[in-house]
Amino acid sequence: SFLTRLYEKLLKVAGKGHHKAMEKVAYAMLFGDYLAQNIPKAKELFEKLALEGSPKAQMALGFLYAAGLGVNSSQAKALVYYTFGALGGNLVAHMILGYRYWGGVGVPQSCESALTHYRLVANHVASDVSLTGGSAVQRVRLLDEVENPGSTSGMLEEDLIQYYQFLAEKGDVQAQVRVQMGHTALMRFFLFLQRNFWGDSLVHYYFQYLLLCLGWFLSLCDVAVLVPQGNPVGQSGLGMAYLYGRGVPVNYELALKYFQKAAEQGWVDGQLQLGTMYYNGIGVKRDYKQAFKFFNLASQAGHILAFYNLAQMHATGTGVLRSCHTAVELFKNVCERGRWSDRLMAAYGNFKDSDMDGALVQYLLLAEQGYEVAQSNVAFILDQILLKYFTPLVLTCVLYVQLCYPGYTVARIKLGDYHFYGYGTDVDYETAVIHYRLASEQQHSAQAMFNLGYMHEKGLGIKQDIHLAKRFYDMAAEASPEAQVPVFLALCKLGLVYTLQYLHDLNVSVQYRALPGPGACGRFISLVVSNFNSWGPGSMFEANLIYYICTGFMGLYYVCSM
């Protein structure tokens, strides 16, 4: 393809020591974009660039040490490189540090430090959004995609767009709104071309003029069609024209009037602009309560600038009680809509193309930035493949520890499973118990409660106690309806074990026949029991369900044989 040939030329230029070309090539090799994925070579280039003071390279080295890609994992070195990258102005490094301070990942938890980093990134994202309209972020959770194939595909097809165009020409107001949204998508497509192909070249400046003219033309078309219909899109467009003097004299009174009409019909841009006018006192008396009201309404529709303005109000205590925690959450939401969010779809594309290595590395970087969906997808991929770039495999456990900070229940249970089975680390029942207990107490996980019941029953990593085992089984049944059947079978088996133990304590001699051996049935039961007895707490209730069905039949045979 054209881009592949372009990157091959960049590779030659990078070989001559050109810094920008080296950065492009190193990132392409890291993610496998248009060049073969080569993490050791990418690391070598990043190290050369870092010595020259490249913030992008310093951030990338921090990522390599944090994830253990091509190097032995070192959170201390990762923090040093992230810090240098942030000091050099790298926004991704700031975002990563913001997430780490917010969750206390490798650093002392500090809301104020997180606020400083997130606010700086959010300022850049908000300024970009105000010029371009922002970008839609499609967050695809791989586990949901696998369980429900095709459920995440929400892209409009060309024939559907043509259908809406036909309805719009017939006077359908809702279709006209959708056509206006299509114009916005067209603008975003041109912006994508600018970012990825033209950069800061001379074409860039001609493109800025073209984009401005195109935007004005489409806006005028939308306003001309929609305002006579009393549509909020057109009303909001007229309000913007009078507010900023675009083609008409500035008139704050008319701007306020049109914004109010649009807001009354629930149009998010009208709500946002009303909030801005009240917040800054433009054409009206400054009123922070009214500003907060309209920003809050706009945020319910997901407008990035509404989140940004609310974050600023909570961070400074303007019109509301100051709340660092709320401000950080809002700023984080804004930051996650930055242009780096495009990597979510790039990673998903790699996954669909069965490029697990490429998808994994991209999701790992996004997970470092605090994207919960990326953390979930990393956890999913780690369960699917054996990683060849991680040294040693215990790093999977390190990653799951990081995922647990925002309270991701599956990650905490996985940590317990890894220590229980010895995946990537030594078998450690005591540590498994700790993680299951945390998932049980903090996140009320039925699976964790069930696993704790099993470990109490068997005395694995904890004192054997049938009474506590029953208690945890009961708690699991109460926490999730899905757990009720396996819990019922587990309790039946537990009752049988308790009865036998009671008889043993009374020194009652019980005569019984052995399980059938030579027959096919006996061999089948022995085979099933030998396999499922080694499972312990599994990741799904189904495994335990089969186990307890088998042991239940064995117990029934045993009692009947007495």
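- The shortest heavy-atom contact between Ala78 and Gly62 is CB-O, 3.2 Å.
- Applying the side chain to side chain contact (heavy atoms under 4.5 Å, CB included) test to Cys324 and every residue at least two apart in sequence or in another chain returns Cys111, Glu112, Leu115, Arg322, Val328.
- Gly239 and Ala255 get closest at one heavy-atom pair: O-CB, 3.5 Å.
- A donor-acceptor pair under 3.5 Å is absent between the side-chain atoms of Asp353 and the main chain of Asp355, judged by distance alone.
- Within the 3.5 Å criterion, the main-chain N or O of Ala86 finds no donor-acceptor partner in the side chain of Asn90.
- Residues Tyr288 and Tyr279 bring their aromatic ring centres within 6.0 Å.
- No side-chain donor-acceptor contact under 3.5 Å links His19 and Glu23.
- By the 4.5 Å heavy-atom criterion applied to side chains, Lys332 and Trp102 are counted as neighbours.
- Residue Ala311 comes nearest to Ala327 through the heavy atom pair O-CB, 3.7 Å, listed as atom of the first residue, atom of the second, then distance.
- Between Tyr7 and Lys24, the closest heavy-atom pair is CE2-O, 3.9 Å.
- Remark: side-chain polar atoms of Gln290 are not paired, donor with acceptor, to backbone N or O of Tyr278 under 3.5 angstrom.
- Residue Leu51 places its CG atom among more than 12 non-hydrogen atoms of other residues, nucleotides or ligands, all under 6.0 Å distant.
- Side chain of Ser341 to main chain of Gly338: a donor-acceptor pair is present (N/O by atom type, distance under 3.5 Å, no hydrogens or angles).
- From Asn377, atom CG reaches atom CD of Gln362 across 12.0 Å, with rounding to the nearest 0.5 Å.
- For Ser299 against Ala306, the heavy-atom pair with the smallest separation is N-CB, 3.5 Å.
- Tyr101 and His117 have parallel rings, their planes meeting at less than 30° on a 0 to 90° scale where 60° marks the start of perpendicular.
- Arg343 forms a cation-pi arrangement with Phe31, by the criterion of a distance under 6.0 Å to the ring centre and an angle within 45° of the ring axis.
- Gln369 places no side-chain N or O within 3.5 Å of a backbone atom of Met95 that could act as its donor or acceptor partner.
- A distance of 6.5 Å separates CG of Asn309 from CG of Leu272, quoted to the nearest 0.5 Å.
- A heavy-atom distance below 4.5 Å is found between the side chains of Trp340 and Tyr371.
- Here Phe331 and Tyr118 keep their ring centres 6.0 angstrom or further from each other.
- Remark: Arg119 engages no residue in a side-chain hydrogen bond (donor to acceptor under 3.5 Å, both in side chains) (not counting sequence neighbours).
- Between Asn123 and Tyr308, the side chains place a donor N or O and an acceptor N or O closer than 3.5 Å (distance only, hydrogens not considered).
- No side-chain donor-acceptor contact under 3.5 Å links Gln271 and Gln300.
- Minimum heavy-atom separation, Leu274 to Ala263: CD1-CB, 3.6 Å.
- The distance from the CD1 atom of Ile96 to the CZ atom of Phe63 is 8.0 Å, given to the nearest 0.5 Å.
- A donor atom on one side chain and an acceptor atom on the other are found under 3.5 Å apart for Tyr82 and Glu368.
- For the pair Lys257 and Glu253, the salt-bridge criterion is not met [side-chain N within less than 4.0 Å of a carboxylate O].
- Contact annotation: the side chain of Met22 never approaches that of Lys20 to less than 4.5 Å [non-hydrogen atoms, C-beta and beyond].
- Taking the six-membered ring for Trp and thresholds of 30 and 60 degrees, Tyr27 and Phe46 have ring planes more than 60 degrees apart, a perpendicular arrangement.
- Interatomic distance, CD of Glu52 versus CD of Gln58, reported as 11.0 Å (0.5 Å rounding).
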